Amino acid sequence: MSRRITRRRLLERTLRGSLAGAGLAVGLPYLEIFLNENGDAVAATGAPLPRRFGTWFYGCGMNPHRWNPAEEGAGFELTPELMPIGRVRQHISVLSGFGVILAGETNHVHRTGVLGTLTGGAPATTTENDGPTLDILISDAIGSSTRFRSLEMAAHGVAKDSYSRRNENAIQPAEPTPVDLYMRVFGPGFTDPNAGVFEPDPRAILRKSVLSLVAEDRARVEKQLGQADRARLDEYFTALRQLEHQLELQLSAPPPLEACQAPQRPEAEPVSQDIENVVRNHESMARVLALALACDQTRVFNVVFSAGASGLHTAGSSDTHHTLTHEEAKDPKLGYQPQATQFVLRSMEAWAKFVEILASVQEGDGTLLDHAVVLCHSETSDANSHSVTGLPIMLAGTGGGRVRNGIHVRGAGETTARVGLTLQQVMGLNVAKWGFKANETSRPISQILV
Amino acid sequence: MSMPVHSRVILRATIVLLATGFLVQGCDNGAAPSVVGGPVAMRRLSETQYRRVLGDVFGPEIQIAGRFEPDGRRDGLVAVASAFVTVTPSGFEQYEGMAREVARQVVTEPNRSRLISCAPPDPKVADAACSEAVLRQLGPRILRRPLEESEIGPRIIAAGEAADLVEDFYAGIELIVTSLLVAPDFLFRIESVAKGAGADGKSSLSDATLASRLSFLLWNTGPDDDLLAALAEGRLSDPESYAREVDRMLASPRFEEGIRAFFEDLFHFGEFADLGKDPIRYPMYSAKVAADAREQTLRVVIDHLVARQGDYRELFTTRRTFMTRTLGPVYALPVRAESGWEAMELAPGDPRAGILTHASFNMLNAHPGRSSPTLRGMFMREGLLCQSVPPAPADVDFGLFNADDDPRYKTARDRLEVHASGASCRNCHVLTDPIGLGLENFDGIGRYRPSEGGAAIDASGDLDGERFGDAVELGRALRENPLVGECLVETAYRYAVGRVPGLEERPLVRHLVRRFEQEGYRIAALMREIALSEGFQTASRPAELAKALALDVSPATGKSEEGGS
Amino acid sequence: MTIPMQRKIRSTRAIARARSLLLAIVIGLGAVACDEAGTGAGSDPAAITGPPARGYVMARWYDEIPHDDPGECPEGLNITEVEYFPNQWKRYMTERQRVREAEGRFIRWDHELLPPDACQEPLSQPDPGYLTLDGAAEVAGLDLDAVDSTKEGADSTPCAHDDFTSPEGEAGIDNQAWRLMGCVRGYRPNDLMDRLHQSNTMIKEGGYAILMEISGMDDPLDDDAVEVQFLSAAAPATLDAVGDPMENVSFTVHPDATYQSERARGRIENGVLTTDPIDLRLKIKQQTQDNAVYYRDARVRAKVLADGRIQGLLGGYWDSENFWSMMNDHTIGGTPQGRNAAFNRGFMCAGLYHAIPRVADGHPDPTTGRCTSISMALHFEAKPAFVIRPRLAQVD
């Protein structure tokens, strides 16, 4: 009856140290996994703070001649469409001119640009993307010690608009409202790392027991399946293991984090793609996310402000951002589409607000933003022509002092895979080359590396 | 002895003609052609299916609240995508949360007495006998097949440990129920072939898989007690018994739910969840209006196809409909019933006839602030005629707007004509716009309008040679179009087996098309033919799905904003 | 979803067509033969032959408050009880505050510290006097008595009154309700009642929508014989996403026939609808009120707009007793709030009570000769709706 012994031991292990009902002192030894982290330990021991990575996506690009700065390096003049980032420009580097190299592949509109940047190459079809996205690669490496491997959120309220995916059939759905995000992170499963006394919840033990039961029965299910279905079953069990891990963390005392403070539950506000609602919900989500990061609930995040082929619209208008980019005439005097461009500016403002919010959380001797690096990008540059050259790319945060802020780098037609490669290296992955086919590269962007 | 050439040609031609005529007439009033079904798959339950199975097992008193993983869409159907989607970490969190909450309700009064037939001698202590009884009672209904012994022992032990840990027998029952509801066997329909399959590459589906397929096709839920009993007693292997079960299920009121689920999938009605309209342009729109519009179309379909056993093609011309006071304003029609649904028949001169003039399709296939002939045309082509529309090219040139012209063209037809005049645009738009424009008299929320921006709307057009002057005539053109019936059969088969039919199944599909026609385009007859076909009951060995689906080129998501209006 | 377009079986098409036609005929015949419970769109079978009746729901409904010269109340505005009995009110308010803080509840408005509640018992206080709005002014309304009368006229009666002039310059306008309330603070332009009108509170929060039905309207611009009826609905108006009453909503008529007026004869000339006088009672339920208004000899003068709306005036005589009860019949949880309402609006019930017969100008009492109703005018806007009269036997 080896199974019985295993199960009993499991229960005993998780209950060890817990006298029935008595509280535990904070000084319990941490689980081994905390010490396995990429050389990082936690604030309580005075070692460097965890580094975070995130993506911030908005749809329908910009007007290149009004967005791309003229001069390279530091102190470049802000162009009209970069004006909104003025107050946080010291935290941001602008990378212009990098794009997805097609080399004969079809430009799948509103798709090649985003998945190209995130997977390192032009997707061949509209239903497949080769390889997992950048954030998955990074969270595989650094996300295993936190409660959530990554957090996805969509300010425009559509859960299935998420670009975080291991493959086309495993797209991580995004939290579509600030309340959903709040409840996921700070709802019932949240253990405040700064709450002095810790008592393991027997319910968490029972929940873990359920998951063990299912996991142990894996072989019986697997043997009925073909290759493709086994891969999908694998995904299912990975998901199950994730939850098991969360429960393990819940059953052990988390180390205290100075910067951690559980936020107030946000008010339930209307959710739609009306730009005013999106801007407001985005800010609300950013605040919850900032504290989720400070409380080390996750180290990887993905924010969608508006989706590719942006459905943003203003109240009372029959047009969306996307339809305007195709149908609005360029104003002859201004040289751009006035209404469509309004959405570009609002998106840039929202990005600036996001950066500002991360920079407002004090952490250690700096801010949360100092210990993070965020990739801002869009699926196109000139949306009218669905161009995937010269995509708008920005990086915010120094990632713990490894990334240079405040400069402009010109990509001169090179692949955005260089951005992805650079970011993986910044986050400590052992990667020498990345990308596929015409976008494969082994050259990180040295100008932004410290 | 050789014949003169021309005689040989004539002879051959005659033979070919006769053979064609023979095939065309259909020598098929008899048996369906023998085919091998495609590969089996592991299919994730949709939200509706999840709720229905649990509703059947635990009753409607049990509340299920949570966020389900978004359904994919592949080859036009969520049913097909179910074989490709999986469970993500955040999706699993939701499933586990929902499972725990259902389990908690199950062991709490008043549900406890209703659902758990035994009681432990001491409620604070484990009791293996009662735990096992509960497991054997609930397990098969939840997993939709008899339990395997290896699933029983460990659960009883774990339930006992749980009961001892918190000194509550029912904590063990909660654990058992939760473990069943997060098991892959519950969340997925794991199809399998029967042991000892034939050497010709053709295997029968295992009885459990067949029972499951049948009940999800006809009722969109798991097998009921009678079907499970037939399954357990091995009666499903007998063709006559199987046919009796099929007929029983077709005659049941639950058949409506099966047809409802099929059309919800075909019509992309899952997209209602993400629908939003601009409140200033369409103040009459609300989530309740959208919900009623969706329900209206489904009611009309069920009433016509199931209750009246009507001809499918008549859906595009029927003037029978159902209305609520919420929908009344959208249709500008009086509604007598203060609450609920009222059956009515539109007057002969009414600008609406057929389901395409319903508010549902017109609000779903449109933008937040205006209508969209292209989206509507695309739905008709892809959903109703099974014709693929190529996606927009990346280098689409919209620089056709002259800088000094007023870009505000009055009607959608005017706007689209400028859009679509370029050669690269024309190829796609010529498929969708001429028929989508037939619905332009219905605005972005499905209200009737004779004009737009002061200019009269011209809703005339051409459906592959058949001219129409307005939406009513477009409905008639669709009714007359042979592709409509063929497409429904193809889609129903695809839905039933959960994949695009392989090349070797084509003869079966053609046979089903002919039978559909012969049986008066009735849906029950079609579903019966499908359920009794070899394609439905057999499978090839589990294989790489990607290889088998060599023809797949469609987008996985539903409505696309890509590149067009 | 990948059937190429070329896949058409041409030869079966013709056969299919023939079969479809046959099938369609059979089904068509079957449909005609089928019994159907559905109701036809449009009118009640018992209604008049000719064009179906057109229904309307009131989207706006508010008494006239003219924005005029502030000098029209030379003696100032009416005062409230708080100003008239300052000491007693001060003591009362102090006690009210004390009880609120100590016990968390409100004391009643008919508390012993206060003078008797004249809103409930009008003769329990002496008449403190009341300021009416006298003299000429520009006020919207209708000439109800077909006379441009003055107070000191040749045949001066107890009901004699001065008329107003309308903003369009029409003389002889009867709107004694404005004389009565015009010098009350809450009824002045931009004050309480005006603000409630702007926000359309009565319609948006009203418990029973107000309906109108016009029958016999062959031509919305010119028709010499139509009939107009006013009715209360059984439910409130349905509002759209921006808070305005929605068009084309179906309303069931209130089951109590008291709230269905008789049909007034009317006519439309050049798009202007006018009707002959009728009495009407309509349910009014909003905030603190749940009663019914009673207008006598009310008639319509309104424009029929191109989009189907009807906009204009309803002028008539507000029954004096009903007027008084509408002023006072406010309750919160059964507790009378008439005094509270008077205080908020800016008058004293005791004064108003005696002022009403002074300004009343309609329906003289045969014995006393005093008038028992007050001329008034209100603005309305009606949107198309469906008026559903419940049948005796309802088929589901």
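Owing to the predicted nature of the structure, the values given are computational and were not obtained by experimental measurement.
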Quiz item: Given that the side chain runs from C-beta out, which part of B:S192 has a heavy atom under 4.5 Å from chain A: side chain, backbone, both or neither?
Solution: side chain

Quiz prompt | Over-ring placement of B:R44 relative to B:F188, 6.0 Å and 45° cut-offs | solution = no

Exercise. Give, as side chain, backbone, both or neither, the part of B:E148 having an atom under 4.5 angstrom from any heavy atom of chain A.
Key: side chain

Practice problem: Scan A:V158, A:T177, A:N277, A:V278 and name whichever one has a side-chain contact (heavy atoms from CB on, under 4.5 Å) with A:V271. | Solution: A:T177

Exercise. Please look at B:P184 and chain A and tell me whether the side chain, the backbone, both or neither of the residue comes under 4.5 angstrom of a heavy atom of that chain.
Key: both

Exercise. Examine whether an atom of B:L180 lies under 4.5 Å from a heavy atom of chain A, and if so say whether it belongs to the side chain, the backbone or both; otherwise answer neither.
Key: neither

Practice problem: Could you tell me which non-hydrogen atom of B:K277 sits nearest to which non-hydrogen atom of B:A366, and how far apart they are? | Solution: NZ-CB, 3.6 Å

Quiz item: Is A:E244 salt-bridged to A:R241, going by a charged N under 4.0 Å from an acidic O?
Solution: yes

Quiz prompt | chain A contact via B:P70 - which portion, at a heavy-atom distance below 4.5 Å | solution = side chain

Quiz item: Taking all atoms of both residues into account, what is the closest heavy-atom pair of B:M98 and B:A65, and its distance?
Solution: CG-O, 3.4 Å

Quiz prompt | Part of B:R100 lying under 4.5 Å from any heavy atom of chain A | solution = side chain

Practice problem: Quick one: which of A:Q242, A:Q273, A:R220 has the most heavy-atom pairs under 4.5 Å with chain B, could you say? | Solution: A:R220

Self-check item: Heavy-atom proximity to chain A below 4.5 Å, by part of B:V166
Solution: side chain

Self-check item: Check: A:H313 ring centroid to A:H321 ring centroid under 6.0 Å
Solution: no

